[in-house]
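Each remark here refers to the structure printed beneath this line.
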Amino acid sequence: MGFFDPTGFAQEAVTAIEKQVQGRAIIAASGGVDSMAVAVLASQALGEQLLAVHVDTGYMRQDESTAVGRMLVDMKVNHHVVDASDRFYAALEGVTDPELKRTRIGELFIRVFEEEARGFDAKWLVQGTIAPDWIESGGGLRDTIKSHHNVGGLPEDMEMELCEPLRELYKDEVRALAEHLGVAVAQRQPFPGPGLAVRVMGEATRERTALVRQACYIVEQELEAAAEAGEMELPWQYFAVLLPVRTVGVQGDVRAYGHTIAVRAVQSYDAMTAQASAMPWGVQQRISRRITNELKEDINRVVYDVTDKPPGTIEWE
Ligand code: XMP
């Protein structure tokens, strides 16, 4: 990364948004560092002319939507939290293909926004797209690896103009910007636009998503506690994935035939490449025991993903 000046960037971005966006605007506030940073910038530029909409897709992390709502209140951003989870689960019914999942979620996401936008009479959609999102979606000379939710999923008949103030930034620059803006999630790990849906291999039903949500929560809690205790450094990103693989195990002295959770933790600089993180054995054991204990009706095996990017990607889908 070259020299990045968050103060200068923020001032220029606010001026640019004021100039570009004429009339009311709506913004996707997922709660991630990208969307929260851009929500604050847009709110500074547009005030009450901006409505930040947080859509609870049903694929959010544990208690995430409540926390996002609270954060927007704290930052005095005009906002609305919409629970659209039933619609998202319905849109993904029977869908197992990763690209189809991403497209369906991206489309519905924009549809929900359009409904909110009509209610608010917004003509503009502000988004927190950053450089790796569009580069990896085939925006540069590269092949399409996966359609990132905020790029590939845009329906062609979208009714709003698009404003993407963070398009040229890489992740570390966005973090510096968020820190400068006082965004509480500035150091929070990244989370994919399509959410937990791309961490459920196969159909992302309400029930299967609940399993991966709890497993992700355990991984986060255990790693954050281990880092706090000085046992290890916090990896750049860490989460769980539900595999469509059933294996034989034993529960008490009864045969079990349960599902498998994969744990992934990576080190990265800008998400373009990543290395699988080493983790102390004791931490791995605690994670494995908690997952197989707290989810014992469904999960009887935990494996650890040691693949770098490339050849893997960070998320499994
Ligand atoms: P991959 O899996 O492509 O992920 O190596 C690189 C980084 O991007 C996150 N990710 C996404 N972020 N929309 C986003 O805003 C998406 O559709 C998306 N898919 C993956 C991923 O968690 C990792 O940090």
Side-chain angles (χ1 to χ4, degrees), residues 27-39 54-55 57 59-61 64 68 88 92 95 97-110 113 125-140 142-154 162 164-167 169-175 178 185-201 204 212-213 216 219-220 234-241 262-277 305 307-317:
I27 184 168
S30 69
V33 61
D34 308 348
S35 71
M36 293 310 274
V38 84
H54 173 75
V55 180
T57 61
Y59 296 113
M60 309 304 288
R61 282 170 287 193
E64 186 153 34
V68 175
F88 280 86
L92 260 64
V95 177
D97 177 74
E99 278 298 291
L100 189 55
K101 276 187 191 173
R102 284 176 171 271
T103 311
R104 288 263 172 100
I105 291 176
E107 281 175 359
L108 181 53
F109 197 76
I110 298 295
F113 264 17
L125 174 65
V126 185
Q127 286 208 129
T129 311
I130 66 170
D133 299 339
W134 58 269
I135 292 169
E136 294 213 342
S137 293
R142 300 165 51 130
D143 194 20
T144 299
I145 297 164
K146 53 181 85 168
S147 303
H148 276 211
H149 161 310
N150 31 17
V151 182
L154 292 182
L162 196 59
E164 297 179 314
L166 310 184
R167 262 187 87 78
L169 300 192
Y170 283 83
K171 204 81 200 187
D172 47 353
E173 295 170 328
V174 181
R175 286 185 199 280
V185 287
Q187 293 308 331
R188 189 156 194 202
Q189 63 163 328
F191 187 63
L196 297 174
V198 295
R199 295 181 179 172
V200 177
M201 304 302 98
V212 89
R213 179 181 296 115
C216 280
V219 170
E220 289 186 22
L234 201 58
W236 193 79
Q237 196 169 358
Y238 40 97
F239 54 90
V241 176
V263 175
R264 180 137 173 84
V266 297
Q267 230 19 70
S268 181
Y269 177 67
D270 59 7
M272 305 293 281
T273 62
Q275 294 75 47
S277 285
D305 179 1
T307 321
D308 292 339
K309 172 184 181 177
T313 51
I314 295 176
E315 303 291 344
W316 280 40
E317 287 190 339

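Remember, it's 1-based here, ligands and their atoms both numbered in the order they're listed. All heavy atoms count here, side chains included; hydrogens, waters and symmetry mates do not.
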Any donor-acceptor N/O pair, Q189 side chain to Y238 backbone, under 3.5 Å: yes

Flag, side chain of W134 to backbone of T129, donor-acceptor distance under 3.5 Å: no

Applying side chain to side chain contact (heavy atoms under 4.5 Å, CB included), name anything that partners P190, two or more places apart in sequence or on another chain.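 Side chain to side chain contact (heavy atoms under 4.5 Å, CB included) list for P190, sorted by chain: K171, R175, W236, Q237.
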
Proximal ligand 1 atoms for [X], defined as those under 4.0 Å from one of its heavy atoms:
X: P194; result: 16 (C), 17 (O)
X: K309; result: 1 (P), 3 (O), 5 (O), 6 (C)
X: T313; result: 1 (P), 2 (O), 5 (O)
X: W236; result: 24 (O)

Going from CE on M272 to OH on Y170, what distance comes out if it is rounded to the nearest 0.5 angstrom? 5.5 Å

Can you measure from CG (L100) to CG (L92) and round to the nearest 0.5 angstrom?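 Here the rounded value is 7.5 Å.
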
Evaluating non-hydrogen atoms only, which member of P132, P192, A271 is closest to atom 6 (C) of ligand 1?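 The option holding the nearest heavy atom is A271.
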
Have a look at Q237, E315, E317, R102 and point out the one with the heavy atom closest to atom 23 (C) of ligand 1. Q237

Ligand 1 contact on P190 by region, counting heavy-atom pairs under 4.0 Å: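 Answer for P190: side chain.
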
Ligand 1 N/O within reach of I314 N/O, cut-off under 3.5 Å: yes

Using the side-chain hydrogen bond (donor to acceptor under 3.5 Å, both in side chains) criterion, which residues pair with R264? Sequence neighbours excluded. D305

